[in-house]
Amino acid sequence: MRLPDQSSFPPPPSPGSKLGVVLSGGGSRGAYEVGVLTYAFGDIVKRVGHPPPVRVIAGTSVGAVNGAFLASAADDVARGVAKLETLWSELQLADVITFGVRQAVALHRVLLGGRRATGIFDATPLVQLVGEGIDWRRLARNIRRGHLDALSVSATKVATGQPTVFIDQRRDLPLPAPFSPQVQIRGQRIGPAHVLASAAIPLIFAPIPINQHLHCDGGLRLNTPLAPAIHLGADRLFVVGCSDPHGDGLAGLTPGLFPGAPFLLGKVLNAFLIDHLNADLLELHKVNGLLQDGIAAFGDEFIDKMNAVAAERGEPARRILQAFSIHPSVDLGHIASDHLNRNRLRFGATLGRQFLKLLDVGEGGDADLASYLLFDGSYARELIALGRADAKKRKDELEAFLYGDADPLPDAE
């Protein structure tokens, strides 16, 4: 490949700067993340001529799936994201979730429990997709050879509700100190079970046993895993969300009608995603502001002196961080609703007409629950296109951030 003129390159990263990619949860909305990744690590890499030096990847739920795939391609990221796009684009709903008589008969186990882990959907196709679609040996080799410092996957321990962060990192790097009393950190070689546990939406998919403990969706407590990336050393965070944190909530309800469980469940999932992303970025913005004010008031040695005091208490060092976030410019619930209407006959044959009605009950103009469950290639292609378009709109600042210095916290307001 012929490299462009060096003068067109963005300025080099700050000395010692470490770039981390943070991918949030969202079920089938993860196709949007793929669109952003293919532009950032496909189109931009081809233009610049070499990939940005990603050192840390942190993912939750479907972000864990995409993050593990990205980690497995850390040695050839442009080709890897192209393969990831193909994988999502060719999905068939039955490749990921199935629902039929067998699942309908077993619904009582979802409500009452039993000796077998059960969800509304049969996740066997998802197990096969994750197990065969990600090159796990290559992932381990990339970390061992230093193409990547660390991969973290977040899940929730069912018995206690505690977030658990599984970390796979280079042997010469120590595990980060616990960053919260409620969060458990486990150093392990990450495999299919960890990713499947992180993506196991409660009730929808069965929880996954890891180390003799059941785990489910990490998005319940740690949907946008900024903290793991930060404590693994990243000081530039490229964050991709799956929901619009500035949604206007204009999808109204018919006067006099009360929403059913599917509508409310979709809104609950939205609340988890939006609230976590906004709160984490705003907290990061506040800490940066305090550190910058301290430097302005007491000089350049302020942070070093403060960290020396923190170290005596066994607390981690603080530093100014940069974060660049991209999120959907269009409500993905609206896209899901339109997609359901165009493909009602096809999806009805797969899921059953009655169950399909539960996903899109006609309350308001969206289908939020469906937007998390439609693991379908044609729906994924729409979200991928949107992700690419949203990233392309910000190509100059995105390229500058990935390869050099950028203003902290775009879209953090």
Side-chain angles (χ1 to χ4, degrees), residues 21-40 57-70 81 84-85 87-89 91 96 126 153-155 195 198-202 204-205 217-226 229 237-247 249 251 265-281 323-337 339 359 366-376 379-391 393-394 411-412:
V21 176
V22 180
L23 302 173
S24 64
S28 56
R29 292 181 175 215
Y32 176 83
E33 291 179 344
V34 175
V36 174
L37 293 175
T38 55
Y39 188 82
I57 298 173
T60 292
S61 192
V62 74
V65 178
N66 289 332
F69 196 101
L70 189 63
V81 292
L84 183 61
E85 179 180 6
L87 187 67
W88 274 86
S89 298
L91 281 178
V96 182
L126 180 61
V153 167
S154 304
V195 171
S198 183
I201 302 173
I204 303 298
F205 298 120
D217 199 321
L220 297 178
R221 296 289 303 277
L222 202 63
N223 188 64
T224 306
L226 296 181
L237 304 173
F238 177 38
V239 185
V240 187
C242 293
S243 290
D244 178 8
H246 308 300
L265 180 56
K267 295 304 180 185
V268 167
L269 289 173
N270 274 349
F272 274 118
L273 295 173
I274 296 171
D275 291 349
H276 285 196
L277 178 58
N278 262 1
D280 289 347
L281 289 175
F324 186 101
S325 65
I326 291 184
H327 50 77
S329 58
V330 177
D331 190 326
L332 302 190
H334 291 310
I335 295 178
S337 180
H339 192 76
L359 295 181
D366 52 24
D368 286 320
L369 182 57
S371 72
Y372 295 97
L373 300 179
L374 288 179
F375 290 92
D376 175 70
Y379 173 64
R381 288 191 291 273
E382 291 187 52
L383 270 54
I384 290 171
L386 178 63
R388 288 177 60 86
D390 287 347
K393 289 176 185 175
R394 303 174 64 188
D411 288 347

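- In this structure, the side chains of Ile326 and Phe238 come closer than 4.5 Å at one or more pairs of heavy atoms.
- Of all heavy-atom pairs between Ser198 and Ser154, the closest is OG-O, 2.5 Å.
- Residues meeting the side chain to side chain donor-acceptor pair (under 3.5 Å) test with Arg381, sequence neighbours left out: none.
- Atoms CG and NE2, from Leu332 and His339 in turn, are 13.0 Å apart once rounded to the nearest 0.5 Å.
- Between the CD1 atom in Ile335 and the CZ atom in Arg29 there is a gap of 9.0 Å [rounded to 0.5 Å].
- At least one side-chain heavy atom of Val34 sits under 4.5 Å from a side-chain heavy atom of Asn66.
- Distance check, rounded to the nearest 0.5 Å: OG of Ser28 to CG of Leu383 gives 7.5 Å.
- Considering all non-hydrogen atoms of both residues, Trp88 and Ala380 come closest at O-CB, 3.6 Å.
- By the side chain to side chain donor-acceptor pair (under 3.5 Å) test, Glu85 is found to be paired with no residue, residues two or more places apart in sequence or in another chain being considered.
- In this structure, Tyr379 and Leu373 have side chains that are not in contact, with every pair of non-hydrogen atoms separated by 4.5 Å or more.
- Between the CD atom of Glu33 and the CD1 atom of Ile384 there is a distance of 11.5 Å, given to the nearest 0.5 Å.
- Of all non-hydrogen atoms in Tyr32 and Ser329, the two that sit nearest each other are OH-N, 4.5 Å.
- Shown here for Val62 and Gly30, the closest heavy-atom pair between the two residues is CG1-CA, 3.6 Å.
- The two residues Pro225 and Leu23 have their closest heavy-atom pair at CD-O, 3.7 Å.
- Heavy-atom minimum distance, Ser24 versus Cys242: OG-N, 3.5 Å.
- Screening Leu226, Leu237, Leu281, Val240 for a side-chain contact (heavy atoms from CB on, under 4.5 Å) involving Ser325 leaves a single residue, Leu281.
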